[in-house]
Q: 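Got a structure for you, questions after.
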Amino acid sequence: MMVVSSTLLTPAFFNRDPRKVARGLLGKLLVRKTRQGTLAGRIVETEAYLGTGDEAAHSFAGKTARNSVLFGPPGFAYVYFIYGTHYCLNVSCLPDGVAGGVLFRALEPVTGIEKMAEARGIEVRGTEDLNNRSLRQLTSGPGRLCEAFGITRERDNDKIFTSARSDLQLARDGFRVGQVVAGPRIRIKKSVEQPYRYVIRGNPFVSGPKLLQDGNRGA
DNA sequence: GAGGAGATCGTCT
DNA sequence: GACGATCTCCTCT
């Protein structure tokens, strides 16, 4: 078992500017409890979406039935369906009534790798090799990590992350993150210039074009 | 290895 | 009726 001990994050952790939450979430654990066992992944890539003044955010045009979780209290799951095939997972930030959230873009698998591989329909060999191609395909991308963790809007939207009774949790285990790199958000068309995407530098599980994976932007 | 386009449906206009 | 905070497969080099 690789996770020795961990502590749940508190609502106060999420009751802040999404940019701070996005950065703070790097190195933390996303935990899914199932009857078959526990799944856990270390967060290596996030994106911040501000509630107002951020054209790219789902909450920009105001509250709707779809995005209402973003306007609710901090520390709750906002799950949406996109492109007819994929789910994406966010956590709400800022106090009740103020919109804001952080998108989980990529995880490094920690516990339950076999279960994740099964959910993704991928055969993984050599789980010790972090550069293993099939291992990276498990959770390196918003849609991929949702599939690996069995996250859907029907099951998980509006679920609390900060309760010990929840089957979806966010926790810290003392892991120390190395260098954090902030860059432009990817695969969106609005406000792309804002550097609200955060990654752990050099982590092989970061998603997106290869040039961006180590945060190397030509400097 | 890189680049492009299709898949597929909920949500909002 | 149009589009999207994506993924995968296919083609070309």
Side-chain angles (χ1 to χ4, degrees), chain A residues 14 17-19 21-23 25-26 30 41 43-72 76-94 99-107 109 116-124 131-158 161 181-199 204-214 216 218:
Chain A
F14 301 100
D17 186 307
R19 287 165 291 193
V21 177
R23 185 179 278 264
L25 278 173
L26 294 179
L30 175 67
I43 299 161
V44 301
E45 179 179 359
T46 56
E47 271 177 13
Y49 286 87
L50 314 189
T52 53
D54 183 359
E55 249 191 319
H58 284 183
S59 50
F60 179 72
K63 187 175 179 177
T64 66
R66 180 201 194 195
N67 65 22
S68 62
V69 176
L70 290 174
F71 290 80
F76 285 76
Y78 167 50
V79 183
Y80 64 88
F81 189 57
I82 194 165
Y83 296 116
T85 36
H86 303 292
Y87 290 98
C88 293
L89 175 67
N90 299 245
V91 57
S92 61
C93 300
L94 298 169
V102 172
L103 169 71
F104 295 88
R105 287 203 54 89
L107 307 174
M116 296 183 204
E118 194 179 324
R120 293 271 293 122
I122 292 175
E123 187 179 350
V124 174
N131 285 308
N132 182 312
R133 187 191 179 93
S134 58
L135 191 58
R136 272 186 292 146
Q137 284 181 329
L138 285 184
T139 53
S140 61
R144 291 172 175 177
L145 70 90
C146 281
E147 188 171 47
F149 276 62
I151 291 167
T152 67
R153 179 170 172 87
E154 294 73 30
R155 266 177 79 176
D156 300 302
N157 192 51
D158 206 18
F161 277 117
V181 182
R185 294 176 293 195
I186 58 176
R187 300 205 170 93
I188 60 173
K189 290 176 179 161
K190 300 167 185 170
S191 304
V192 287
E193 70 283 359
Q194 303 291 355
Y196 295 164
R197 174 176 177 241
Y198 301 90
V199 308
F205 293 92
V206 167
S207 74
K210 207 169 187 181
L211 277 174
L212 295 170
Q213 286 192 3
D214 59 2
N216 190 344

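Below, chains carry the letters A, B, ... as their sequence lines are ordered, and counting in each starts from 1.
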Q: N/O contacts under 3.5 Å, protein versus nucleotides 3-10 of chain B?
A:
residue, atom, partner, partner atom, Å
B:dT8, O2, A:Tyr83, O, 2.3

Q: Do side-chain atoms of A:Glu45 reach the backbone of A:Leu107 as a donor and acceptor pair under 3.5 angstrom?
A: no
Q: Can you list every stem that DNA chain B is part of, counting only runs of 3 or more consecutive Watson-Crick or G-U wobble pairs with both distances under 3.5 Å?
A: B:1-7 with C:6-12, B:9-12 with C:1-4
Q: Within the distance-only criterion (no hydrogens, no angle test), does the side chain of A:Ser207 pair as donor or acceptor with the backbone N or O of A:Gly141 below 3.5 angstrom?
A: no
Q: Side chains of A:Arg19 and A:Tyr196: any donor to acceptor distance under 3.5 Å?
A: yes
Q: Looking at A:Arg105 and A:Glu47, what are the two nearest heavy atoms and their distance?
A: CD-OE2, 3.1 Å
Q: Classify the ring geometry between A:His58 and A:Tyr78 as parallel (under 30°), tilted (30 to 60°) or perpendicular (over 60°).
A: perpendicular
Q: When you look at A:Ile188 and A:Tyr49, which way does the side-chain contact (heavy atoms from CB on, under 4.5 Å) test go after all the steps?
A: CA-CA 12 Å; A:Ile188 60 173; A:Tyr49 286 87; 3.7 Å; yes
Q: Using the rule given for salt bridge (Lys or Arg N to Asp or Glu O under 4.0 Å), can you reason through A:Arg185 versus A:Asp54, listing the C-alpha separation, both sets of side-chain angles and the distance that settles it, and then say yes or no?
A: CA-CA 12 Å; A:Arg185 294 176 293 195; A:Asp54 183 359; 2.9 Å; yes
Q: For salt bridge (Lys or Arg N to Asp or Glu O under 4.0 Å), just list the numbers for A:Lys190 and A:Glu55, CA-CA rounded to whole Å, side-chain angles, deciding distance to a tenth of an Å, and then say yes or no.
A: CA-CA 6 Å; A:Lys190 300 167 185 170; A:Glu55 249 191 319; 5.8 Å; no
Q: Of the non-hydrogen atoms in A:Ala77 and A:Asn157, which two are nearest, and what is the gap between them?
A: O-OD1, 3.5 Å
Q: Using the P atom as the reference point in each nucleotide, state the distance between B:dG3 and C:dA5 in Å, no decimals.
A: 22 Å
Q: Indicate, with a heavy-atom threshold strictly under 4.0 Å, whether A:Arg144 touches base, sugar-phosphate, or nothing.
A: sugar-phosphate
Q: With a cut-off of under 6.0 Å to the ring centre and 45° to the axis, is A:Arg155 in cation-pi contact with A:Tyr87?
A: no
Q: Need two values: the first and the last nucleotide of DNA chain C, 5' to 3', having an atom under 4.0 Å from any heavy-atom of chain A.
A: C:dG4 to C:dT8
